[in-house]
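First the proteins, then the strands, lettered A, B, ... as listed; each starts at 1. No experiment lies behind these values; they were computed from the predicted model shown.
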There are 2 protein chains.
Amino acid sequence: MNEELNERCRLILEAIIEDYILSGEPVGSRALTRRHNIALSPATVRNVMADLEEMGFLTSPHTSAGRVPTEKGYRFYLDTLLQIKQLSLGKRQSIREHYKHRGLRMEELLREAGRILSATSSYTGVVMVPHLTTTICRRIDFVRLSARRILVVFVSQSGIVEHKLIESDLPLTESELQEATNYLSQTFSGLSIQEIKQYIVAQMAEEKAMYDSLLRRTLQLSSMALEEELGGQVFIEGACNILDQPEFNDLNRMKRLMRTFDQKNLLVELLHKSQLTEGVQIYIGSPDHYSDIEGCSLVAASFTSRWGATGTLGIIGPTRMPYSTIIPLVDFTAGLVGSILDIDEE
Amino acid sequence: MNEELNERCRLILEAIIEDYILSGEPVGSRALTRRHNIALSPATVRNVMADLEEMGFLTSPHTSAGRVPTEKGYRFYLDTLLQIKQLSLGKRQSIREHYKHRGLRMEELLREAGRILSATSSYTGVVMVPHLTTTICRRIDFVRLSARRILVVFVSQSGIVEHKLIESDLPLTESELQEATNYLSQTFSGLSIQEIKQYIVAQMAEEKAMYDSLLRRTLQLSSMALEEELGGQVFIEGACNILDQPEFNDLNRMKRLMRTFDQKNLLVELLHKSQLTEGVQIYIGSPDHYSDIEGCSLVAASFTSRWGATGTLGIIGPTRMPYSTIIPLVDFTAGLVGSILDIDEE
DNA sequence: GTTAGCACTCTTGCTGATTGAGTGCTAACG
DNA sequence: CGTTAGCACTCAATCAGCAAGAGTGCTAAC
């Protein structure tokens, strides 16, 4: 059915979507024929439009307005019509420039990436910091705050620092803890968290017989330390940028979006999802799918460093974004951030 | 002049402000006499209102609307009329409850504090994490990421973890760095950052003659590590809460506020300022003073732990807030957070 | 299959009338 | 002399009515 779209239909659909992306207003048959020099009369275009509406690619907000692309329309556009431009050399260079003398700290780097995405797109940038599961450990440190409270500081190969407080009822003196720390840093350095966990399980099985040896308590402690996932934070930069879009003259929609930004769970979910797939992913908010970001889309791509740190970044903008420039922007930035992480890790 | 306000004027001003806080709409003479049982006719009230307007406590949005308090009006209200309620025992208990089994990590604790402030007030909570200048050092750690990049991890007495990447051109081998770390942790533990800085300066003067000793390089490194201020981050929680207030039906004002939240500098400034003073501070946004938060106020108080960690927290809401409950809420929370930090530090 | 023409629909912007809340002023009252 | 009642006036907000404009669907002709 969809595949039956002939050349003319596709041309017109593309024209409509591109007009809509530019103007944000429903596009009518007359205006369309004038702007793109289409060798067809408005009446013919109307017929085509009616077909496209029936097939679900377009809707009209009301009887006598023009047509607006539906989610399906966008999808089709993205999948088969859109020609992705290359990011111009100048633009790449200027983006690269931004990363030059800053973002020394991992966290700062990622925040900055979000800010740059936001600024260059004039939409909202989002960045999810790498989950540490697959990350290589460089050092693990235990700091005794009080008898029962121990602070664990974890440093990854790439300089990501995460910390966590655990309450333990295993008595460990200051010097025992010091010894434990040394042992663990030696043993774990160079392993990924996953591997460390496996190691702990294996060792603890072996040590089961031994009664409360220091090693045993040490292992138990590290098990607690790595119990829950570390990382997975999300930064949202330039949230207010998106509010300048005309579609957010609607107060309620605006509030809903802000609430979504505040809560972050949907974003985390989407960013996670896109981490599982290669390349640039696009999520279109619609009443059916991601109703919290109705009217908006997320263009996301994940970045990976050679050492296994994997995060995701992207841009949230109105669904009628100029994807042809936004997609390469996100793609390029993801690659850039990944490679900067690599440099940091050298 | 101001002090000439007689009993009746003050009564009426208070009534107007309280009405306005409740309704958010300009209050007229008739409505006022009815709601509060004032033994005066509307006409008399009108005369008083005219006086108050002339003195700058009230304005009217337009000729035939009621009166609205000015910044000066609020100030007077806050300074001399407002009776601050005690936070009810039940409420205190329920807030305390929230902090029970969570917020193990300093950062989480403060985020949570912001969230609770936001939730109980239904406005926006802000928290500035303690600046580390006056904080006592528990451990300082150097991790070598690459030849020239060294990660500094700083742990305070209270378990605050801060880290920073420095680029150094001092060659230090892995083992030298280890040695340095041990030395510094021993030496610095228990000192405040300020004291550490002084110590470094003193030592370096003494060591000047020595040519490139390990000690010298170590000190230089720590000097770089502590060069810039650590900390001072601001969390904003429940930003969207405030949007439900009727005054934010104005799109532009809304956008401006969101932009202010996004940028944070104004907030940092205000929170800093209020850190210098004891007790609850109130900043009223007006075209003159803090125009970025026009229509809003910040009620802030700083919290201190015995170990010197000092941060600030507060609530941002519309200027017409029920201060009588918000002020004790902020006050109580600041005290509570301070004492929780103390517990963590034991 | 394509197009011109036409009737129809629906939004948008404008106008003017109406309503209601509130003010300021003046004159009367105790 | 302070207080009050009365009255004219001002504005904002709301609503109906109207015209313009953009766009559609349908039909009949090309």
Rounded to whole Å, how long is the line connecting atom NE2 of B:His62 with atom C1' of C:dG22?
9 Å
Within residues 20-33 of chain B, those residues having any heavy atom closer than 4.0 Å to DNA chain D are none
Separation of atom CD1 in B:Ile16 from atom C1' in C:dT23, rounded to whole Å:
13 Å
With side chain to side chain contact (heavy atoms under 4.5 Å, CB included) as the test, would you mind laying out the steps for A:Leu329 and A:Ile95 before giving the verdict?
CA-CA 9 Å; A:Leu329 173 61; A:Ile95 293 175; 3.5 Å; yes
Identified pairing partner of D:dA28, criterion: Watson-Crick or G-U wobble below 3.5 Å
C:dT3
For D:dA20, the Watson-Crick or wobble partner whose two distances fall under 3.5 Å:
C:dT11
So what's D:dC1 paired with, Watson-Crick or G-U wobble, going by both distances under 3.5 Å?
C:dG30
Could you pull out the closest heavy-atom pair between A:Leu117 and A:Gly314, with the gap in Å?
CD1-O, 3.6 Å
Round to the nearest Å and state the distance from B:Arg35 atom CZ to C:dA21 atom P.
12 Å
Step by step, would you call B:Asp19 with B:His36 a side chain to side chain contact (heavy atoms under 4.5 Å, CB included)?
CA-CA 9 Å; B:Asp19 257 30; B:His36 312 249; 2.7 Å; yes
Stretch residues 42-51 of chain B: residues that reach within less than 4.0 Å of DNA chain D through a heavy atom
B:Ala43, B:Thr44, B:Arg46, B:Asn47
Go through the steps to decide whether A:Ser297 and A:Tyr74 satisfy the test side-chain hydrogen bond (donor to acceptor under 3.5 Å, both in side chains), and finish with yes or no.
CA-CA 10 Å; A:Ser297 292; A:Tyr74 280 115; over 6 Å; no
Tell me, yes or no, whether the heavy-atom count around B:Arg92 atom CZ, taken from other residues, nucleotides or ligands under 6.0 Å, exceeds 12.
yes
Let's go through B:Ser286 and B:Glu71 carefully: what are the C-alpha distance in whole Å and the side-chain angles of both, what is the deciding distance for side-chain hydrogen bond (donor to acceptor under 3.5 Å, both in side chains) to 0.1 Å, and is it a yes or a no?
CA-CA 7 Å; B:Ser286 79; B:Glu71 193 201 334; 2.9 Å; yes
Taking CZ from B:Arg67 and P from C:dA21, how many angstroms apart are they, rounded to a whole number?
17 Å
Spacing between A:Glu53 atom CD and D:dG25 atom C1', to the nearest angstrom:
11 Å
Does atom NE2 (B:His289) have a neighbourhood of more than 12 heavy atoms from anything else shown, all under 6.0 Å?
no
A:Asp19 CG - D:dA22 C1' separation (whole Å)
15 Å
Going by the angle between their ring planes, with limits at 30° and 60°, are A:Tyr283 and A:Tyr290 parallel, tilted or perpendicular?
perpendicular
Can you measure A:Leu52 atom CG to D:dG25 atom P for me and round it to whole angstrom units?
12 Å
Can you tell me if the side-chain N/O atoms of A:Ser64 get under 4.0 Å from OP1 or OP2 in C:dT9?
no
List the steps, then state whether side-chain hydrogen bond (donor to acceptor under 3.5 Å, both in side chains) holds for A:Thr124 with A:Asn241.
CA-CA 6 Å; A:Thr124 300; A:Asn241 254 354; over 6 Å; no
Using whole Å, what does the distance between atom P of nucleotide C:dT12 and atom CG of A:Asn249 come to?
12 Å
D:dT10 OP1/OP2 closer than 4.0 Å to side-chain N/O of B:Thr63:
no
